[in-house]
2 protein chains.
Amino acid sequence: MTPPTVKLSTLKTACKNCKLHQLCLPLGLENNDMEELDKIIKRAKPYQKGEYLFQHGDNFDALYAVRSGSVKTYSQDDNGDEQITGFYLAGEIMGLDAVHQGSHPCSAIALETTSICKIPFDHLENLSTQLPSLQHQLLRIMSKEITEDQALLILLGQKSAEERVAAYLVNMSDRMEKRGFSPLEFNLSMSRKDIGNYLGLTIETISRTFSHLQQIGLINPQRKHIEIVDSVELRRLAGLPKIACGMRSTA
Amino acid sequence: MTPPTVKLSTLKTACKNCKLHQLCLPLGLENNDMEELDKIIKRAKPYQKGEYLFQHGDNFDALYAVRSGSVKTYSQDDNGDEQITGFYLAGEIMGLDAVHQGSHPCSAIALETTSICKIPFDHLENLSTQLPSLQHQLLRIMSKEITEDQALLILLGQKSAEERVAAYLVNMSDRMEKRGFSPLEFNLSMSRKDIGNYLGLTIETISRTFSHLQQIGLINPQRKHIEIVDSVELRRLAGLPKIACGMRSTA
DNA sequence: CGTCCCCTTGATGAGGGTCAATGGGCGTGG
DNA sequence: CCACGCCCATTGACCCTCATCAAGGGGACG
């Protein structure tokens, strides 16, 4: 099932009333600090599927936190080759890579109807000097982004197609669970093509690998809907014996 | 030529007298702010080739800035697969990925005799709340790390062996130039094996690609010593028409 | 001078890319 | 409500790049 549609009333919820605040920037903030953060956050109308949040080269002025829905980000080089660098779910923050250049090095597109909290970066920086716990959390989130990119590097540099797909599914499963959804049955908002690009594989390989994982009884894919049949074995295949270890997780 | 050996006297140079400060953390700091930063930095004796700066799982308490020499960092997963995530030259900063977990997710090994500035992270965080320009620079450096990892993702996800190697050489060339060395003639401190691992290729493929690039008159590799014969064409092959664009650069 | 390690080069094969055809939802319009 | 068309996904056949296996060269260092 897709994440439940969010009523417009809840779209404007303040951070301290937002059920995501344990997954998001406010993590670790006192209540009154959270109110300060809340004051600078802008909540606009939802983006439709396929709509750009920002594009490569756009001036950077704010971070984007997913409130509901999902987003893909991709960078492209001068040849036009595109690489999806991340899928972002509720509570996750985009735009951290833009701080350095002052402009966005990648583009972000909504994968479904998606609502967003925009956090003006200059205000956030100012506030961070006054709230050490906010500065700390901001640094932690950037650090996590690095860790996740590096986990993806291992995947692309060292792993077979099957290992990559298994790791991807395990990662999505863990992230679904963190958001209160079933870890064993969920919908992927991204296409096979997107998954393939993200994992450095072609759409055909993704499709074949899904089929094979189904044949050996690990998953049961029905188009976008994924049922994980044998979570233990899937994790073993992914090379992640225990719980999540890298890629985009949360907290 | 390897970067010139640094006399011990210069090892203890304060930030404001360090010729690297335009490439390093102090970038953008006023002179007296730089002195504040300087007070918290620790400069230990050089690491020998092959020596660990820190290892996967070590408690995180400081960032590591390269003063001279070079370092490789690599992460490993539960299967023991290793992926080199970066090569760090003078002025570049390691350990940013450890902020999130509070322990190092990767290991760092000196590729040659290397001197380091250790920056205790709790002190740095405290100082950052007092010096907005330091906080800003810290965020910029973390952001740059993300951008560079994402450039490597494009390389691993989308590019052929030849394109990867060409991009790697162009990147090294640009970084050498930023440090005042010749961009057309320099020494690689890392082995072919390390380059291969970094680029998601085998040592044999690296060797063959070097040979081929030599045959078509783009480079002239003599073991560790690389001469770039046709920089323009090499950049074109790398898909980087103009100047540097991604991977680890500096500033 | 010998040994070790790193690098180079060649031969072979597999994993996954490419090309092509078919199937199945879903949205749109009649 | 149904029909059409489009897009996404699946599956098969073939091929290419790069990994693997193997052998040999050449510095560096004792």
Side-chain angles (χ1 to χ4, degrees), chain A residues 1-2 48-50 72 81-84 109 111-113 154-169 187-216 219-227 237, chain B residues 1-2 48-50 72 81-84 109 111-113 154-169 187-216 219-227 237:
Chain A
M1 303 300 135
T2 49
Q48 294 305 307
K49 177 175 178 174
K72 68 173 174 184
D81 284 345
E82 294 180 0
Q83 170 72 36
I84 293 177
I109 295 184
L111 291 169
E112 58 194 311
T113 304
I154 292 195
L155 231 50
L156 297 192
Q158 312 293 336
K159 300 296 189 182
S160 70
E162 199 162 276
E163 289 171 319
R164 295 184 205 189
V165 171
Y168 177 76
L169 291 173
N187 266 23
L188 298 175
S189 58
M190 65 293 296
S191 67
R192 298 284 193 271
K193 190 176 163 189
D194 285 341
I195 299 172
N197 180 290
Y198 179 67
L199 296 175
L201 301 168
T202 60
I203 178 175
E204 293 94 332
T205 300
I206 299 298
S207 192
R208 273 187 259 271
T209 307
F210 271 34
S211 298
H212 180 235
L213 291 178
Q214 183 175 28
Q215 278 171 31
I216 62 179
I219 65 174
N220 189 17
Q222 302 293 332
R223 283 193 157 278
K224 304 270 188 195
H225 186 77
I226 303 292
E227 183 190 347
L237 220 174
Chain B
M1 305 300 137
T2 48
Q48 293 308 306
K49 177 175 178 173
K72 68 174 175 184
D81 284 344
E82 293 181 1
Q83 171 72 35
I84 293 178
I109 295 185
L111 291 168
E112 57 194 311
T113 304
I154 293 194
L155 232 50
L156 297 192
Q158 311 295 334
K159 301 296 189 181
S160 70
E162 200 161 275
E163 290 171 319
R164 294 185 206 188
V165 171
Y168 177 75
L169 291 173
N187 266 22
L188 297 175
S189 58
M190 65 294 296
S191 68
R192 299 283 192 274
K193 191 176 162 191
D194 285 340
I195 298 172
N197 180 290
Y198 178 67
L199 296 175
L201 301 168
T202 59
I203 178 175
E204 293 94 332
T205 300
I206 300 299
S207 191
R208 274 187 258 270
T209 306
F210 272 33
S211 298
H212 181 237
L213 292 178
Q214 182 175 29
Q215 278 171 32
I216 62 179
I219 65 173
N220 188 17
Q222 302 292 332
R223 284 190 157 278
K224 303 269 189 196
H225 185 78
I226 303 291
E227 182 190 347
L237 219 175

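Letters A, B, ... are given to chains in the order of the sequence lines, protein chains preceding strands, and every chain is numbered from 1.
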Review item, nucleotides 16-19 of chain C N/O atoms under 3.5 Å of protein N/O:
from   : atom 1 : to     : atom 2 : distance (Å)
C:dG16 : OP1    : A:A161 : N      : 2.7
C:dG17 : OP1    : A:G200 : O      : 3.4
C:dG17 : OP2    : A:T202 : N      : 3.3
C:dG17 : OP2    : A:T202 : OG1    : 3.0
C:dG17 : OP2    : A:T205 : OG1    : 2.4
C:dT18 : O4     : A:R208 : NH2    : 2.8
C:dC19 : N4     : A:E204 : OE2    : 3.0

Is the phosphate of [N] approached by [X] (side-chain N or O, under 4.0 Å from OP1 or OP2)?
{"X": "B:K193", "N": "C:dC5", "result": "no"}
{"X": "B:R223", "N": "D:dG27", "result": "no"}
{"X": "B:K224", "N": "D:dG27", "result": "no"}

Gap separating the [atom1] atom of [X] from the [atom2] atom of [Y], nearest 0.5 angstrom:
{"X": "A:D194", "Y": "A:I203", "atom1": "CG", "atom2": "CD1", "value": "9.5 Å"}
{"X": "B:L156", "Y": "A:I154", "atom1": "CG", "atom2": "CD1", "value": "11.5 Å"}
{"X": "A:T202", "Y": "A:R208", "atom1": "OG1", "atom2": "CZ", "value": "7.0 Å"}

Are any of the side-chain heavy atoms of [X] and [Y] separated by less than 4.5 Å?
{"X": "A:I219", "Y": "A:E227", "value": "no"}
{"X": "B:L169", "Y": "B:L213", "value": "yes"}
{"X": "A:N197", "Y": "A:K72", "value": "no"}
{"X": "A:F210", "Y": "A:R192", "value": "yes"}

Spacing of [X] atom [atom1] relative to [N] atom [atom2], expressed in whole Å:
{"X": "A:H225", "N": "D:dA9", "atom1": "NE2", "atom2": "C1'", "result": "17 Å"}
{"X": "B:I206", "N": "C:dC6", "atom1": "CD1", "atom2": "P", "result": "16 Å"}
{"X": "A:Q222", "N": "C:dG24", "atom1": "CD", "atom2": "P", "result": "13 Å"}
{"X": "B:N197", "N": "C:dC6", "atom1": "CG", "atom2": "C1'", "result": "16 Å"}
{"X": "B:H212", "N": "D:dT17", "atom1": "NE2", "atom2": "P", "result": "11 Å"}
{"X": "B:I195", "N": "D:dC18", "atom1": "CD1", "atom2": "P", "result": "16 Å"}
{"X": "A:F210", "N": "D:dT10", "atom1": "CZ", "atom2": "P", "result": "8 Å"}
{"X": "A:R192", "N": "C:dG23", "atom1": "CZ", "atom2": "C1'", "result": "14 Å"}

In degrees, rounded to 10°, what is the bend between the two ends of the helix from C:dC1-D:dG30 to C:dG30-D:dC1, using five pairs at each?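 Both end axes considered, the difference amounts to 40°.
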
Using a cut-off of 6.0 Å, state whether more than 12 heavy atoms not belonging to B:K224 lie near its atom NZ.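 It does: B:K224 NZ has more than 12 such atoms within range.
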
Using a cut-off of 4.0 Å on non-hydrogen atoms, how would the nucleic acid contact of A:S207 be classed: base, sugar-phosphate, or nothing?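 Base, at least one base atom sits under 4.0 Å.
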
Measure across B:P221 and B:I226 and return the closest heavy-atom pair with its distance rounded to 0.1 Å.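 It is CB-CD1, 3.8 Å.
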
